[in-house]
Q: 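Dumping the structure here so I can ask a few things about it.
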Amino acid sequence: MLLIQCPYCGPRDESEFDYGGEADIVRPKNPEKLSDAEWADYVFFRTNTKGRFKERWVHTHGCGRWFKIVRNTTTHEHGDVTVFGGVEPEAE
Amino acid sequence: MKPEWLTRYFTTRKGRGCVAEILTPSHPLSFPSRESGPDAACVILSVEPPLALLDLRCRDKAALNAFLNEPTGLGSSTVAARKTNPKASLSRLGPDWWQLRCHSRALADHLLDKADDTLVAVTDISDAYVAICLSGSRVRDVLAKAATIDLHREAFPVDSVARTLLGRVTVIVTCTKADSGGAFDIVVSRSNARFLWNWLIDAAREYGYTLKSAPEA
Amino acid sequence: MDGATYRVLDGCRINKDKPLDFWFNGEKFTGYAGDTLASALLAYGAFPVGRGLKYHRPRGIYTAGSEEPNALIQLETGGRTQPNLRATQVELYGNLIATSVNAWPSINFDLWRVNDWLSPLLPAGFYYKTFMGGGVATGRWWRLFESSIRRAAGFGKAPSAPDPDRYERMNAHCDVLVIGAGPAGLAAAAAAVKMGCRVILADEQAQIGGDLLADDREINGAPALDWVGATLKTLSKAPDVRVLNRTTVAGLYDDNFVIAVESVGDRNGPPAPSQLPRLRMWRIRARQIVLATGAHERPYVFPNNDVPGVLLGHAIRHYAGGYGVVPGRRVLLGTTNDSAYRTARMLSEAGLGVTLADSREAPPPSLVEAVTRVGVTVEVGFAISAVRGSRRVCGAEISRILRDGAVASAPRSMEADLVGVSGGWNPALHLASHRGAKPVWNETQACFVPSNLTALGIHAAGAVTGVGALADCLDQGHAAGRAASKAAGKIRRTRKPVIEGDDVADPVPLQKIWAVDNRQPGGKRGKAFVDLQNDVTTRDIALAAQENYRSVEHLKRYTTLGMGTDQGKTSNVIGLALMGQQTALEPEAMGVTTFRPPYTPIPFGALVGRDQGELFDPVRETPMFDWHVANGAIFENVQLWKRAYAYLKPGETLEQAVKREVLAVRNGVGIMDASTLGKIDLKGPDIVKLLNMVYTNRWDTLKVGSARYGLMCREDGMIFDDGVTARLGKDHYVMTTTSGNAAIVLAWLEEWLQTEWPDMQVFATSITEAYATTTVAGPTARDLMSSLDSDIDWSNDAFPHMTVRTGKVMGVPARVFRVSFSGETSYEINLPARYGMALWEALVVRGAIPFGTEALHVLRAEKGFILVGQETDGTVTPFDVGMGWAVSKKKDFIGKRSYARKDTARQDRKHLVGLLPVNKSTVLPEGGQIVDDADQEAPMAMLGHVTSSYWSPMLNSGFALALLKNGRNRSGDTIHILSLDGNADEARVVDPVFYDKERARMRG
Amino acid sequence: MQRYSIFSLARNALSGHRNWPQAWRSPVPRQEYDVIIIGGGGHGLATAYYLAAEHGVTNVAVLEKGWIGGGNTGRNTSIIRSNYLWDESAAIYEKSLKLYENLTSVLNFNIMLSQRGVMNLAHNEHDLKEMSRRVRAIRGNGVDSEILTPAQIKQLVPALNTSKSRRYPILGASLQRRGGIARHDAVAWGYARGADAFGVDIIQNCDVIGIRRKGGKVSEVETTSGAIKAKKVGVAVAGHASVLAEMAGFRLPVDSHPLQAMVSEPLKPILDCVVMSNTVHVYVSQSDKGELVIGAGIDAFNSYAQRGSWRVIESQMSALVELFPIFSRVRLMRTWGGIVDICPDASPILSKTPVEGLYFNCGWGTGGFKATPGSGWAFAHTIAKDEPHPINSPFSLDRFISGALINEHGAAAVAH
């Protein structure tokens, strides 16, 4: 049961978070210029890495913020917490 | 036909016959006080009067301080903790999210009126939540039956605030007193209030509990 | 039974002043407080207490702990019965009732023993090779035999009544969790406490001390139990230490999350005192863990080794030292290592005849001398090669043994009624492997040991690392305690205490023997059991190798080795080593099967805790809930909400109530509790930019005081929610969502705002529960609203359809939206939740008729309004439901690009249509599949399905909404709807709006 | 291949069972094969078997990185059913069920198929409507399915709590009588033995680390036991599909998740059919050895660790005891996990790929075991003919580009 390091609330039990899947998938700027295959690549296709994997979590039952961590999908070791733009984490 | 699964402590209010001109408020947790369990002082549960609660969202700390300082005397804080004084108490829940509990309705209304000329998004959520108080020698054990955060007196001292899960209900827990087992304020959404109240009583059965009488609804 | 004649010593665990009577298989016995059911039974001798799974041969108690394969019993009866408990783990209490399992008609006379005689026909995996006849519909044979196989298998019975006991969960946090309170664990806990840590020490036994409880060990020259007592006292005085005995640590998960089950109310027998839980499930988050779980003794295998009276050597010592019980007079101990000598000395000093067969050529001279001095006969270089007897041991055979366990001499017959076998030690490293770490093979100790897991915050100490000496256990324990404290961030200078154990001066390593193969002429033939519970013999392992089921996992699954309730704690290593001998692979290369939680079985109730019955799931109630309950409401579950489905007047059926409610809204005025609909408060300058991205239509032109309907889609273009959003101020909007999606839509907005458009200045706050919402709908709704004391102008000009007004209603600040799902003139009054009940009662008193969700669904369906989740199922676009008008051509929005894809753009997708049954009185079945030809062969060409179907009091006919392939172009066609009894209903395709097509009433 | 039967069992008993042949050989891999199947689970072995049995292609190797049947085939809850909503799903799962019904005699290996019925419970209005639609669509596709009242449910499963006053009362259920359970290991071993008898080489402990292409066409597979050439390569590696796709230079619409399952201690017969519930999220059946076999949903996060979080076990257990209060004192014996590959529409991919001669069979998610024979049969056809069979053409990789998804998630459980 993961103990996830929320950048704003500190370490919290996995049950307080929801999973956001692969990180750094950016919505294309003008979708109408994309081919169907390129659009499908954004909507459906994923890397699904075996090993160190950058993923998104949201602290649903805590501060409600989204953030990213890097987790090894074979050992579940995790760290390297980074936040999205807009709001900086204060020093605890 | 009352569904059997409903074993609630509630007073049923049949449609009263009067043609009331002015509406009167009601509270989900209104019922008489009762002692029960071998040692009634282990866990004391009581209900706070209806809240005057404002949800504050703001990314500009200066704007928030400006908005709050004069009327409440409280400034924003960076640490997940509560600042309190006789007028109000301010809890930080997230990097751009606070909740202000005014100890008077007038203060809340005053701030709501001032809301338009500030960068702070002020929303009245007074009726969305109900506050329950727990104290007594075994209160930390009762909460630990469902809270996964560490409530040890060193890990969660007075004025600590945490929005977290109590079992499957999202709550905001605040430590209000440290001595004799500690005292905690639990803010829960109105629709879950009765379920959580029953859950807390069931959790306290093992130790013994007292229900304090509800405030004037 | 006659007296407990085998209670020959004073055990340190039992209290002879407190005798306890109990019943086993209907006979009365007596034991003492502190006894386990097993020790109390053994006081009457080693008689059969169970039967093997396959051959149903009689089986006796074999071990003294959680690794017990044989002594499974059914405890108590009725609602409190528990199947498959191990007698070695049941603490004795007064009036305990236990019965043997898996034998018919009785434990001493079991008809299923016929399988033992048929055993040549029942090798491992025989069931894969037979029961295959029966022609095409094969399995006829199998079905015939399956029921008898199911009855023969299965050990205990499930309870027949619900469980009367309570269970609790408790979360806990600590710096250092020490698992196992033997010498190593106690030393570790003491060290961690001295370093100022919050410590939890857990042990599955009732008494603390682990192996030290087995005999007369000494620490620092004094009895070991004195050191145990002193250590416990220092732990109890420390502030943040919790000592949990009778607590089995069952699972170890990521980031050192540990689950452990404590027996609380269970200890002095059912019923547990009413408030106390029977069991408490501890959910511990430990910064660091010290694994001091010790090791399980393993046997070596020889023919007929399953006879009651054959036990593990160390178990005999535990029963003698701990409970004062030696279930035999003439004892034969077979060993491959030093640990059996202390047992031999203890038994001989107690006056029993003891023979010790040590398979090694040169055992330690000091040990041999110490035991021969007290009368033990030592047979050097010999091993047990067979046991005689069926229900009791009545003799054995020993043979000279070569290095690899092969027999080198004719067997010598031995007088014995109790046999102890000690083949070596398997570290109890299961918990360390729960996080995926593979154990490593230690050749000198001939066992698997945990790999170094300090990086994961797990420090192993004591017998679990393969060490045997008491001094090593104490040193490793202390070192692990300090290392764990440092890793947990608690650094304090402390002095290392002086602790010495009374170990052997000249230890000799064990001899690796897995099985003694007794093919010598005159040697006793017989099955040699590797897994005593699942009846897996050495022959079965040879067969698995022969048929190429050679991997350790194939061996386990083909022979069921280690798949019993003991999970192969005494058999796995021997099994894989014997397979290794067949395939010329060392145990290191064979590897082990995966150790999985739980370490020992846990009752389901302990996992559930109090999440049962009324507390199974939260119940969300609206502010007017009490009124609905008191006034005949039937409820439906909508996510966690309870929503009034309909209000039944006394004597009314559901259909009559719904019809009455529908007519009340169409002809008069009805009120509905809409508080469960999601309401999201939006503030900030960029709200329009957000709405334009999440909704399919444009929002730039919405004026303050106006409202607009919106469809929300995912990136695949499919509808997932809808609702009305109103503008209350320049930068202040309120968005409503369906009840089920309230949290999902708020999360959807937050996800996009935070991860994709962080510079968009919008704050979204849920106000769903801050406001009670009452819908007032019907032709006389305006009159009712006007009758209320309010400063709002209710006239149609001042307050037209799709607008919002704020003001006071009966003295309370309110927001009122003119939106209509019923198709009538309709107001949604939102006021602070505390006033919801009072307003509702005031409206009822003024003659408004409460209506439920079912009536609302008839009303909206008559209007052809879709219901997200019923007309849509995640595969429906706005165009499919005829709402192309709501899809902006110009702006981009989430999902728009998907509409240009080949399959999404095709014209013959399934479209929303109305259906009127040809026979007006039929209500078409919801979910009914639509076909053109009702007589075609299956699989039939199905063209769509009925999404909503009701009786319309206004049309006086059944009517339905449906999704039909190419439906938009099939208006007027007649189609068929299949029914479950084979025939079909006929219906005509019509426009989906059945009532008030011009929407005049709504705008009136 | 020596036939298995009661007679061969008796005959071999006389010689102490020392003459049974190997169930399958462990040959040294050859330099080249016509077809290489990567993945020695149920789907891979079935594909090899049907390539030989149906299409006469026997110069085939099955490469398995560990031991055959060691992946999801050996970790599922062994449930078999074909009660799927969409026509395309119903077709392939029904084909699978029909193949299962004769598999024991076809493979001459008892897979212990027990068609004891699969029951799906409904607990609220939304469930009842969803159930009605599913049962009618299933019947329209010629598959057996019926609707039960609470009284009929109680009669079939006495251990179930059908009282009205529960938090989520049981309002009704659908039942597929031909559904049931089978011994999962036996399915893998039966196909392995059958394929081996046709001359297929089953190579265990042989991990594929590279897929070579020449001119856009697959040419060679690189393994821990050296390189092996092949004209066609079929990939059936379930949770590792993305890893193999990456070797071939393209991505898949797949995420791999832990799927946990657990068993109780063995009990005397107490549950005679498979009971499933979405709202009170759990499903359970009783194995022939007496264990209650329990499962529910996946862990939310991506993982290849074959284990998941404890809270998933806790919530499954609360759901199980809510449905069966008498099981509260039965004990949990073992929990474990597999790696399931989930597509956005919860339907499989049985398709050609951008690389010529390379075919992928994945995306079965939590429904792989029940699909084993049908998947192997269709995949064999696709490889042999270099063209998908009509039964699996809808499950192409391109459907994610055209938008023709087959959404078996059903209505996104949204209540009005």
Q: Out of D:Gly290, D:Pro266, D:Ala23, return the one with the most heavy atom pairs under 4.5 angstrom to chain C.
A: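 Top count of heavy-atom pairs under 4.5 Å with chain C: D:Pro266.
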
Q: Under a 4.0 Å threshold between the charged nitrogen and the carboxylate oxygen, would D:Arg329 count as salt-bridged to C:Glu76?
A: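 No.
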
Q: Check whether any side-chain heavy atom of C:Pro123 lies under 4.5 Å from a side-chain heavy atom of D:His17, and answer yes or no.
A: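 They are in side-chain contact.
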
Q: For C:Ser898, is it the side chain, the backbone, both or neither that has a heavy atom under 4.5 Å from a heavy atom of chain D?
A: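 It is neither, since no heavy atom gets under 4.5 Å.
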
Q: I want to check something: taking the side chain as every heavy atom from C-beta on, are C:Glu636 and D:Asn124 in contact at a cut-off of under 4.5 Å?
A: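 Side chain of C:Glu636 against side chain of D:Asn124, heavy atoms only: no contact under 4.5 Å found.
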
Q: Between atom CD of D:Gln316 and atom CG of C:Leu607, what is the distance when rounded to the nearest 0.5 Å?
A: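 Nearest 0.5 Å value for the CD-CG distance: 10.0 Å.
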
Q: For the interface with chain D, which of C:Leu978, C:Thr81, C:Leu72 has the highest count of heavy-atom pairs at distances below 4.5 Å?
A: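 When all of C:Leu978, C:Thr81, C:Leu72 are compared, C:Thr81 has the most.
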
Q: Do C:Tyr549 and D:Trp189 pass the side chain to side chain contact (heavy atoms under 4.5 Å, CB included) test, and can you show the C-alpha distance, the side-chain angles, and the key distance before you say yes or no?
A: CA-CA 9 Å; C:Tyr549 293 93; D:Trp189 298 340; 3.5 Å; yes

Q: Between C:Tyr128 and D:Thr104, is a side chain to side chain contact (heavy atoms under 4.5 Å, CB included) present by the stated rule, with each step listed?
A: CA-CA 9 Å; C:Tyr128 298 124; D:Thr104 287; over 6 Å; no

Q: At a heavy-atom separation under 4.5 Å, does D:Ile147 approach chain C through its side chain, its backbone, both, or neither?
A: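 For D:Ile147, side-chain heavy atoms alone lie under 4.5 Å from chain C.
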
Q: Give, as side chain, backbone, both or neither, the part of C:Leu118 having an atom under 4.5 angstrom from any heavy atom of chain D.
A: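 Interface part for C:Leu118: neither.
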
Q: Can you say whether C:Gln546 sits under 4.5 Å from chain D via the side chain, the backbone, both, or neither, judging by heavy atoms?
A: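 Contact with chain D is through both the backbone and side chain of C:Gln546.
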
Q: Which bit of C:Phe616 comes within less than 4.5 Å of chain D, counting heavy atoms only: side chain, backbone, both or neither?
A: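 Side chain only.
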
Q: For C:Met718, is it the side chain, the backbone, both or neither that has a heavy atom under 4.5 Å from a heavy atom of chain D?
A: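 Interface part for C:Met718: neither.
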
Q: Would D:Arg399 and C:Asp903 satisfy salt bridge (Lys or Arg N to Asp or Glu O under 4.0 Å), going step by step from the backbone distance to the final call?
A: CA-CA 9 Å; D:Arg399 70 174 189 270; C:Asp903 185 75; over 6 Å; no

Q: Picking from D:Trp20, D:Phe7, D:Phe109, D:Trp310, which has the most non-hydrogen pairs under 4.5 angstrom with chain C?
A: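 Option with the top pair count is D:Trp310.
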
Q: Are the side chains of C:Asp617 and D:Tyr168 in touch, meaning some heavy atoms are under 4.5 Å apart?
A: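 C:Asp617 reaches D:Tyr168 side chain to side chain.
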
Q: Determine, stepwise, if the pair D:Trp86 / C:His945 fulfils ring-ring contact (aromatic ring centres under 6.0 Å, His included).
A: CA-CA 12 Å; D:Trp86 299 105; C:His945 70 284; 7.7 Å; no

Q: Do you know which of D:Asn108, D:Val330, D:Leu320 has the most heavy-atom pairs with chain C at a distance under 4.5 angstrom?
A: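 Looking at each of D:Asn108, D:Val330, D:Leu320 in turn, D:Val330 comes out on top.
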
Q: Restricting to non-hydrogen atoms, name the atom on C:Asn548 and the atom on D:Ser26 that form the minimum distance, rounded to 0.1 Å.
A: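 For C:Asn548 versus D:Ser26, the nearest heavy atoms are ND2-OG, 2.8 Å.
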
Q: Shorter than 4.5 Å, heavy atoms on both sides: which option in C:Asp611, C:Thr565, C:Ile602 has the most such pairs with chain D?
A: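 That would be C:Ile602.
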
Q: Could you tell me which of D:Gly16, D:Ser8, D:Gly74, D:Ser264 has the largest number of non-hydrogen atom pairs under 4.5 Å with chain C?
A: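 Top option by heavy-atom pairs under 4.5 Å: D:Gly74.
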
Q: Checking C:Ala161 against chain D: side chain, backbone, both or neither under 4.5 Å from a heavy atom?
A: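 Just its backbone gets close to chain D.
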
Q: So which of C:Arg906, C:Gln567, C:Lys157 has the biggest tally of heavy-atom pairs under 4.5 Å with chain D?
A: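 Among C:Arg906, C:Gln567, C:Lys157, the one with the most close pairs to chain D is C:Gln567.
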
Q: Salt bridge (Lys or Arg N to Asp or Glu O under 4.0 Å) between D:Asp288 and C:Arg151: does it pass, once the steps are laid out?
A: CA-CA 9 Å; D:Asp288 288 337; C:Arg151 272 201 308 280; over 6 Å; no

Q: Quick check on C:Leu85 against chain D: is it the side chain, the backbone, both or neither that has a heavy atom closer than 4.5 Å?
A: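 Both the backbone and the side chain of C:Leu85 come within 4.5 Å of chain D.
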
Q: How many angstroms lie between atom CD of C:Glu926 and atom CD of D:Glu130, to the nearest 0.5 angstrom?
A: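 One gets 11.5 Å once the value is rounded to the nearest 0.5 Å.
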
Q: Check each of D:His126, D:Glu125, D:Arg167 against C:Asn637 using the side-chain hydrogen bond (donor to acceptor under 3.5 Å, both in side chains) test, and report the only one that passes.
A: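 Only one option passes, and that is D:Arg167.
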
Q: Which atoms of C:Tyr558 are under 4.5 Å from chain D, going by heavy atoms: the side chain, the backbone, both sets, or neither?
A: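 Contact with chain D is through both the backbone and side chain of C:Tyr558.
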
Q: Under 4.5 Å from any heavy atom of chain C, what part of D:Ile401 do you find: side chain, backbone, both or neither?
A: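 When you check distances to chain C, only backbone atoms of D:Ile401 fall under 4.5 Å.
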
Q: Could you look at C:Leu121 and say if it's the side chain, the backbone, both or neither that has a heavy atom under 4.5 Å from chain D?
A: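 Both backbone and side chain of C:Leu121 come within 4.5 Å of chain D.
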
Q: Do C:Met132 and D:Ser105 have side chains that approach each other closer than 4.5 Å (heavy atoms only, starting at C-beta)?
A: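 They are not in contact (no side-chain heavy atoms under 4.5 Å apart), so the answer is no.
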
Q: Among C:Phe257, C:Tyr253, C:Phe126, which residue forms the greatest number of heavy-atom pairs with chain D at distances under 4.5 Å?
A: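 If we count pairs closer than 4.5 Å to chain D, C:Tyr253 comes out on top.
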
Q: Could you tell me which portion of C:Leu980 (side chain, backbone, both or neither) has an atom closer than 4.5 angstrom to a non-hydrogen atom of chain D?
A: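 For C:Leu980, heavy atoms of backbone and side chain both lie under 4.5 Å from chain D.
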
Q: Let me confirm one number: the CE-CE distance from D:Met317 to C:Met281, rounded to the nearest 0.5 Å.
A: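 One gets 9.5 Å once the value is rounded to the nearest 0.5 Å.
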
Q: Can you give me the closest heavy-atom contact between D:Ser328 and C:Asp163, atom names plus distance?
A: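 In this case the closest contact between D:Ser328 and C:Asp163 is OG-OD2, 2.9 Å.
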
Q: Is it the backbone or the side chain of C:Ser160 that comes under 4.5 Å from a heavy atom of chain D, or both, or neither?
A: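 Contact with chain D involves the backbone of C:Ser160 alone.
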
Q: When rounded to the nearest 0.5 angstrom, what is the spacing between CH2 in D:Trp67 and CD in C:Glu553?
A: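 Spacing of CH2 (D:Trp67) from CD (C:Glu553) equals 4.0 Å.
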
Q: Which of the residues D:Ala305, D:Ala13, D:Gly403 is involved in the greatest number of heavy-atom pairs with chain C at under 4.5 angstrom?
A: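 Counting heavy-atom pairs under 4.5 Å, the top option is D:Gly403.
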
Q: Go through C:Arg539, C:Gln82, C:Met940 and name the one with the most non-hydrogen pairs under 4.5 angstrom from chain D.
A: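 Max contact count across the listed options: C:Arg539.
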
Q: For C:Asn84 and D:Arg331, work out which heavy atoms get closest and say how close.
A: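 Shortest heavy-atom separation between C:Asn84 and D:Arg331 comes out as O-NH2, 3.3 Å.
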
Q: If we only count heavy atoms from C-beta on, is the D:Arg139 to C:Gln929 side-chain gap below 4.5 Å?
A: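 A side-chain contact is absent here, since even the closest heavy-atom pair is not under 4.5 Å.
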
Q: With side chain to side chain contact (heavy atoms under 4.5 Å, CB included) as the test, would you mind laying out the steps for D:Lys289 and C:Met563 before giving the verdict?
A: CA-CA 10 Å; D:Lys289 290 213 305 298; C:Met563 292 177 76; 4.1 Å; yes

Q: Give the ring-plane orientation class for D:Trp24 versus C:His554, where under 30° counts as parallel, over 60° as perpendicular and anything between as tilted.
A: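 Geometry flag for C:His554 against D:Trp24: perpendicular rings.
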
Q: Begin with the C-alpha distance, continue with both residues' side-chain angles, and end with the deciding distance and a verdict on side chain to side chain contact (heavy atoms under 4.5 Å, CB included) for D:Asp185 and C:Arg557.
A: CA-CA 8 Å; D:Asp185 291 325; C:Arg557 290 152 183 268; 3.1 Å; yes

Q: Which atoms of C:Ala152 come close to chain D, meaning under 4.5 Å heavy atom to heavy atom: side chain ones, backbone ones, both, or neither?
A: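 For C:Ala152, the contact with chain D is made by the backbone alone.
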
Q: Among C:Gln612, C:Arg283, C:Lys902, which has the most heavy-atom pairs under 4.5 Å with chain D?
A: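 Most heavy-atom pairs under 4.5 Å with chain D: C:Arg283.
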
Q: Grab the two heavy atoms, one from C:Asp873 and one from D:Arg133, that are nearest each other, plus how far apart they are.
A: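 C:Asp873 and D:Arg133 have their closest heavy atoms at OD2-NH1, 2.9 Å.
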
Q: About how many Å separate CZ of D:Phe400 and CZ of C:Arg901, when rounded to the nearest 0.5 Å?
A: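 CZ of D:Phe400 is found 10.5 Å from CZ of C:Arg901.
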
Q: Would you indicate whether the side-chain heavy atoms of C:Arg150 and D:Lys268 approach each other to under 4.5 Å?
A: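 No - every pair of side-chain heavy atoms lies 4.5 Å or more apart.
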
Q: Determine whether C:Lys129 and D:Asn110 make a side-chain contact, defined as any pair of heavy atoms from C-beta on separated by less than 4.5 Å.
A: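 C:Lys129 does not reach D:Asn110 side chain to side chain.
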
